[in-house]
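A short worksheet on the structure shown next.
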Protein chains: 2
Amino acid sequence: MTDPLDTVFAALADPTRRAILSMLLEDDMAVTDVAEPFQMSLAGISKHLAILAGAGLITQEKRGRVKWCKLEPDALRAASVWMQGFGQFEPVNLDAFERFLAAELPGEDEGLAVQGD
Amino acid sequence: MTDPLDTVFAALADPTRRAILSMLLEDDMAVTDVAEPFQMSLAGISKHLAILAGAGLITQEKRGRVKWCKLEPDALRAASVWMQGFGQFEPVNLDAFERFLAAELPGEDEGLAVQGD
DNA sequence: GGCATATTCAACCATCCGGTTGACGATTGC
DNA sequence: GCAATCGTCAACCGGATGGTTGAATATGCC
């Protein structure tokens, strides 16, 4: 796994990690807060965050005993360019993206296990 | 692995599979021809193609004893929309894409093992 | 100092993944 | 009919992944 695209796409292939990225869209978060909505151990989330950081999709900065996670959307640029080359997609459709978020975001108001089923 | 994004991103995470997609950009190909530039067994390539087909990134149609593989760029649309939402990337830059292809495409003129290493 | 909080480390487990080889099922062509 | 070609299936292997638990390491607070 040398190519950056490998690690980026692999990181994006997991629904938990995509959900985390969606959460970080709204604001930077501490590890514990990231983990809160998931029914998964903190260590598990910590691993996911390490993978996201390894792919450059987030950065983590420790302030005091709290480690803050910050989205790094630039890391997606290369992957996005690669993908768009195949589809000649029309210009970004943010409405479609909103719909995606609605479908993908952990239902912050109920139990949640990343995906319904 | 239920979400289509899971399978699409997972399929894209492998350099062999991305190389195959790049090859199919140019034209539809038979399985044997897809396999030719790789130093990998036909069965191995066949598995990769099955994964790409499972993600909807290609379709396969059998004509006679030859199975033709066809790129299905539409399958990337959802993933592309998802990604672009994070970056608000500037409009598609096809030049950047060409550079990517140049870097990623199997060097059809030498041995090749997906990545030079 | 001593306890609580925040996060990771280490070991472990089950499962998936990428790859191989060898046998097999279709299809074509002589 | 028979042999060659195209492609997949099945079994197997080693290594990565996603998850767990329990101990360990920092840091903050009183």
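Since the structure is predicted, the reported quantities are computational estimates derived from the model, not experimental observations.
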What N/O pairs connect the protein and nucleotides 6-9 of chain C at under 3.5 Å? Give each pair on its own line.
residue	atom	partner	partner atom	Å
C:dA6	O3'	A:Arg65	O	3.2
C:dT7	OP1	A:Val31	N	3.4
C:dT7	OP1	A:Lys67	N	2.7
C:dT7	OP1	A:Lys67	O	3.3
C:dT7	OP2	A:Thr32	N	2.7
C:dT7	OP2	A:Thr32	OG1	2.1
C:dT8	OP1	A:Lys67	NZ	2.8
C:dT8	OP2	A:Ser46	OG	2.4
C:dT8	O5'	A:Ser46	OG	3.4

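- Among the heavy atoms of the strands lying under 4.0 Å from B:Arg17 are primed sugar atoms or P, OP1, OP2 only; no base atom is included.
- By the rule that hydrophobic residues join a cluster once side-chain heavy atoms approach within less than 4.5 Å of another member, A:Met23 and A:Met40 end up as members of one cluster.
- The CD1-P distance, from B:Ile58 to D:dG7, rounds to 12 Å in whole Å.
- Among residue pairs with one or both ends in residues 41-61 of chain A, those qualifying as salt bridge (Lys or Arg N to Asp or Glu O under 4.0 Å) are A:Glu61-A:Arg63; sequence neighbours excluded.
- Between B:His48 atom NE2 and D:dG7 atom P the separation is 16 Å, expressed in whole Å.
- For the pair B:Asp6 CG and C:dC16 C1', the interatomic distance rounds to 14 Å; values are reported in whole Å.
- By the side-chain contact (heavy atoms from CB on, under 4.5 Å) test, B:Glu36 is found to be paired with no residue, residues two or more places apart in sequence or in another chain being considered.
- Rounding to whole angstrom units, CG of residue A:Asp14 and C1' of D:dG19 are separated by 11 Å.
- Within the 3.5 Å criterion, the main-chain N or O of A:Arg18 finds a donor-acceptor partner in the side chain of A:Ser22.
- Rounded to whole Å, atom P of D:dG18 lies 12 Å from atom CG of A:Leu12.
- The side-chain contact (heavy atoms from CB on, under 4.5 Å) with B:Ile20 is formed by just one residue from the set B:Leu49, B:Ile51, B:Leu25; it is B:Leu49.
- Taking OG1 of A:Thr32 as the reference point, atom CZ of A:Arg65 lies at 9.5 Å (rounded to 0.5 Å).
- Between B:Glu36 atom CD and D:dG7 atom C1' the separation is 16 Å, expressed in whole Å.
- Within the 4.0 angstrom heavy-atom criterion, base atoms lie near A:Gly44.
- In the helix from C:dG1-D:dC30 to C:dC30-D:dG1, the end axes, each obtained as the rotation axis mapping the C1' atoms of four pairs onto the next four within a five-pair block, lie 20° apart to the nearest 10 degrees.
- For the atom pair SG of A:Cys69 and CG of A:Asp27, the computed distance is 11.5 Å after rounding to the nearest 0.5 Å.
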Close N/O contacts between protein and nucleotides 23-25 of chain D (under 3.5 Å):
none

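- Residues A:Asp14 and B:Asp6 have side chains not in contact (no heavy-atom distance under 4.5 Å, counting atoms from C-beta outward).
- When the options A:Leu12, A:Leu71, A:Thr7 are evaluated for a side-chain contact (heavy atoms from CB on, under 4.5 Å) with A:Leu57, the one that passes is A:Leu12.
- Residues forming a side-chain contact (heavy atoms from CB on, under 4.5 Å) with A:Thr59 (at least two apart in sequence, or on another chain): A:Lys70, A:Glu72.
- Look at CG on B:Leu52: it is 14 Å from C1' on C:dC17, rounded to the nearest Å.
- One N or O on the side chain of B:Arg17 and one on the backbone of B:Ala11 form a donor-acceptor pair closer than 3.5 Å.
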